[in-house]
Amino acid sequence: MTRIGYETVSRVPSVVEYMRLRSVAGLSAFSEEAAGKGLAGTLYGVVIEHEGAAVGMGRLIGDGGCFVQVVDIAVDPRYQGQGLGKAIMSELTSFITEHLPASAYISLIADIPANSLYEKFGFEETAPRSVGMARRAG
């Protein structure tokens, strides 16, 4: 990313950064223990830093061959509207293209209106042939 004062770093966010960014971006909360375990399973991560602080993040999780999921796209609301989400998706998409088999199935669950961002990177709704389903462990 070339915006002045911003740096895009290929790394997994720390537990503290992760929990803070999810919270301020309005994403669901996880315990510190769950966050630590989840982050350890990251296939690829990207963090956008501004003046040394994490202001955006995104991750890829999965088996690295057949199935990969885009998760945790989050930008601190104070920094939204500057193309940071697009920069995060661009980094993740580059990793997908350069490091994963062409046959890998890349999926995500899109909150509206973020789906319009993901469409710019080639993601399409799967309905009606399939629908997203989810549940909590507990």
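Small disclaimer: the values here were computed from a predicted structure and weren't measured.
A heavy-atom distance below 4.5 Å is not found between the side chains of Pro13 and Leu21. Under the 4.5 Å side-chain criterion, counting only non-hydrogen atoms from C-beta, Leu117 is in contact with Met89. Two residues are said to be in side-chain contact when any heavy atoms from C-beta on lie closer than 4.5 Å; Leu27 and Ile73 fail this criterion.
The minimum heavy-atom distance between Arg129 and Glu125, with the atom names listed, is NH1-O, 4.4 Å. Residue Pro101 comes nearest to Gly64 through the heavy atom pair CD-O, 3.8 Å, listed as atom of the first residue, atom of the second, then distance. In terms of heavy-atom proximity, Gly65 sits nearest to Ala104 at O-CB, 3.3 Å.
Applying the ring pair (Phe, Tyr, Trp, His ring centres under 6.0 Å) definition to pairs two or more places apart or across chains, none involves residues 118-138.
Asp63 places a side-chain N or O within donor-acceptor distance of the main-chain N or O of Cys66, the cut-off being under 3.5 Å.
Once rounded to the nearest 0.5 Å, the distance linking CD of Glu98 with OG1 of Thr93 reads 10.5 Å.
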- Please lay out, stage by stage, how Asp76 and Tyr79 fare under the test side chain to side chain contact (heavy atoms under 4.5 Å, CB included). CA-CA 6 Å; Asp76 184 319; Tyr79 299 90; 3.7 Å; yes
- Message: One pair to check against side chain to side chain contact (heavy atoms under 4.5 Å, CB included): Tyr105 and Val68. What are the steps and the verdict?
- Response: CA-CA 6 Å; Tyr105 185 81; Val68 173; over 6 Å; no
- Tell me, with the steps shown, if Ser94 and Thr97 meet side chain to side chain contact (heavy atoms under 4.5 Å, CB included). CA-CA 5 Å; Ser94 291; Thr97 303; 5.9 Å; no
Donor-acceptor contacts, no H, no angles, side chain residues 40-57, under 3.5 Å, sequence neighbours left out:
residue, atom, partner, partner atom, Å
Thr42, OG1, Leu39, O, 2.7
Thr42, OG1, Arg59, NH1, 2.6
Tyr44, OH, Ser10, OG, 2.6
Glu49, OE2, Arg11, NE, 3.2
Glu49, OE2, Arg11, NH2, 2.9
His50, ND1, Gly5, O, 3.0

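Listed by chain and number, the residues in a side chain to side chain contact (heavy atoms under 4.5 Å, CB included) with Met19 are Val15, Glu32, Ala35 (sequence neighbours excluded). Shown here are the side chain to side chain donor-acceptor pair (under 3.5 Å) partners of Ser14, two or more places apart in sequence or in another chain: Glu17. Under the rule for a side chain to side chain donor-acceptor pair (under 3.5 Å), Ser116 has no partner lying at least two apart in sequence or in another chain.
Phe95 and Leu108 fall within a single hydrophobic cluster, where Ile, Leu, Val, Met, Phe, Trp and Tyr side chains are chained together by heavy-atom contacts under 4.5 Å. Residue Leu60 is grouped with residue Ile88 when hydrophobic side chains (ILVMFWY) are merged at heavy-atom distances under 4.5 angstrom, including chains of intermediate members.
Its side chain within the 4.5 Å cluster rule, Val71 clusters with Ile61 among the Ile, Leu, Val, Met, Phe, Trp and Tyr residues.
Ring-plane geometry between Tyr18 and Phe30 is classed as parallel, the angle between the planes falling under 30 degrees on a 0 to 90 degree scale with a further cut at 60.
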